[in-house]
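Here is the structure we will look at.
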Amino acid sequence: MVTDRERFFFDLQGYLVLENAIDPEHVKACNEVLDGIINLDPPLKHGEWYGGVHAHTFGGADGVNLQQIYEAGEPFERLLDHPSWWDHVREFVGGQSNFDAAHGPLFIDENFASLRGPGEALGIHSGGHEGAKRNQFRYHLGEFMCGQVNILLALTDIGPGDGGTMLIPGSHKANFAHPQFEENVIQHGKTTSLDDVEGAIEVHMKAGDALLFVDTICHGSAKRVNEDLRRICVFRYGPSWGFFRGPYRPTRELLERLTEQRRQIVWPHEPVLREPNRKPGFENPPKILPE
Ligand SMILES: O=C(O)CCC(=O)C(=O)O
Ligand SMILES: [Fe+2]
């Protein structure tokens, strides 16, 4: 499924655009679910829940994130192991035949939909110069072994003025911070973007296209100037031993209705063993499923 062309450009540039990754019917179904949340009256505010989905903002002008969007309904569950990228993420995260896959093929440590309106943007972040292991780009012993490979799925067309994702091709291998990094980095209380960052390209997509990128690539977005909302969702794939980035866990209801493969992707963790007579104490680790 992964072509030699895709391998070459993912290695060289750190990202790929997968055109028509989901079909128009599927885009429509996802948008109908999002409409149900966006049109709530009164509107869902920062910190509020809609079922297992949590509205969250980072405090800057980067829009609203609907965390745990895989809880929102079947159209989002289908994205977990979607055939348009399932082979890609397994090959690029790698480790499918070693200890990395001891608990399952992959683990999603964060997933959300992002709604971004006029004037909003996301500043520059990440880059090979940071050296974080969690989202690293790695090719070793003839295999990709990346720490985190993201699928950013467009649910609206994203063209000029729409606040598209911007990235610096090849910066997953950078040894130095971009000289404009500091002034354009994500900042609370200030809107930053990559609009004036030299070497950054804006990725234009049609609804249904997916941007696949290693999370260590230096990226962010352009500032949205057009009316309405840019709608995307992001699924971050890493090795099966990973753990959640944020304070979110899948609900028991979700785990019970997912296929075995999808359940492993959202909850590969084994039941916690306990001594039968131990007094109640550190009860944080879930016994089998999240409470
Ligand atoms: O909002 C965007 O276009 C970029 C999102 C992003 O930084 C990410 O998914 O890691
Ligand atoms: Fe990011």
Side-chain angles (χ1 to χ4, degrees), residues 14-18 21 34 55-70 76 79 85 89 92-93 108-130 132 134-137 146-169 171-172 174 177-178 181 184-188 191-195 197 200-207 209-226 228-238 242 244-246 248:
Y15 75 98
L16 295 173
V17 177
L18 308 177
L34 291 183
H56 178 261
T57 55
F58 283 102
D62 59 306
V64 175
N65 286 338
L66 299 173
Q67 288 280 353
Q68 297 294 91
I69 196 64
Y70 59 38
F76 287 96
L79 301 177
W85 57 76
V89 290
F92 296 152
V93 172
I108 291 181
D109 76 354
E110 184 177 48
N111 72 101
F112 59 91
S114 154
L115 309 172
R116 196 168 292 155
E120 295 178 332
L122 184 65
I124 199 168
H125 57 285
S126 224
H129 68 283
E130 291 189 340
R134 186 164 184 148
N135 64 358
Q136 68 185 297
F137 174 82
C146 298
Q148 185 108 77
V149 176
N150 300 327
I151 292 292
L152 187 153
L153 181 66
L155 294 173
T156 49
D157 290 347
I158 303 175
D162 286 332
T165 305
M166 294 190 70
L167 50 80
I168 302 176
S171 58
H172 58 308
H178 192 291
F181 192 90
N184 296 290
V185 77
I186 298 174
Q187 289 175 43
H188 293 307
T191 311
T192 49
S193 74
L194 279 76
D195 286 298
V197 170
I201 61 150
E202 187 174 328
V203 183
H204 293 155
M205 296 195 278
K206 293 276 176 221
D209 293 350
L211 169 65
L212 176 156
F213 61 106
V214 62
D215 195 52
T216 200
I217 198 169
C218 194
H219 66 280
S221 86
K223 190 189 276 190
R224 185 172 178 97
V225 293
N226 297 341
D228 301 327
L229 292 174
R230 185 196 75 156
R231 298 182 182 196
I232 60 157
C233 65
V234 174
F235 286 69
R236 305 192 194 280
Y237 295 87
F244 301 90
R245 279 199 189 201
Y248 300 108

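Counting starts at 1 for both ligands and their atoms, following the listed order.
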Q: Would you tell me which option among Asn65, Asn135, Leu122, Leu211 has the nearest heavy-atom contact to atom 5 (C) of ligand 1?
A: Leu122

Q.
Assess, by modelled atom type and distance only, whether the side chains of Gln148 and Gln136 contain a donor and an acceptor separated by less than 3.5 Å.
A. no

Q) Among Leu122, Asp195, Thr192, Leu194, which one satisfies side chain to side chain contact (heavy atoms under 4.5 Å, CB included) with Lys223? A) Asp195

Q: Could you label the plane-to-plane angle of the Tyr70 and Phe235 rings as parallel, tilted or perpendicular, counting under 30° as parallel and over 60° as perpendicular?
A: tilted

(Q) Within rounding of 10°, what is the angle whose vertex is the Fe ion (ligand 2) and whose arms end at NE2 of His125 and NE2 of His219? (A) 90°

Q) Hey, does Arg134 have a side-chain heavy atom less than 4.5 Å from the side chain of Asp109? A) yes

Q) By number and element, which atoms of ligand 1 are closer than 4.0 Å to a non-hydrogen atom of Asp215? A) 10 (O)

Q. Relative to the heavy atoms of His125, which atoms of ligand 1 are at a distance of less than 4.0 Å?
A. 7 (O)

**Q.** Identity and separation of the nearest protein heavy atom to atom 3 (O) of ligand 1
**A.** Thr165 OG1, 2.6 Å

Q. So which of Met166, Arg230, His219 gets nearest to atom 2 (C) of ligand 1, if we judge by its closest heavy atom?
A. Arg230

(Q) Quick check: Phe181 with His129 (ring centres under 6.0 Å apart)? (A) yes

Q. Without hydrogens or angle criteria, can the side chains of Asn184 and Ser193 be said to hold a donor-acceptor pair below 3.5 Å?
A. no

Q: Heavy-atom contacts with Val234 under 4.0 Å: which atoms of ligand 1 show up? List them by number with element.
A: 9 (O)

Q.
Would Arg236 count as a contact residue for ligand 1, given that I'm defining contact as a non-hydrogen atom of the residue lying under 4.0 Å from a ligand atom?
A. yes

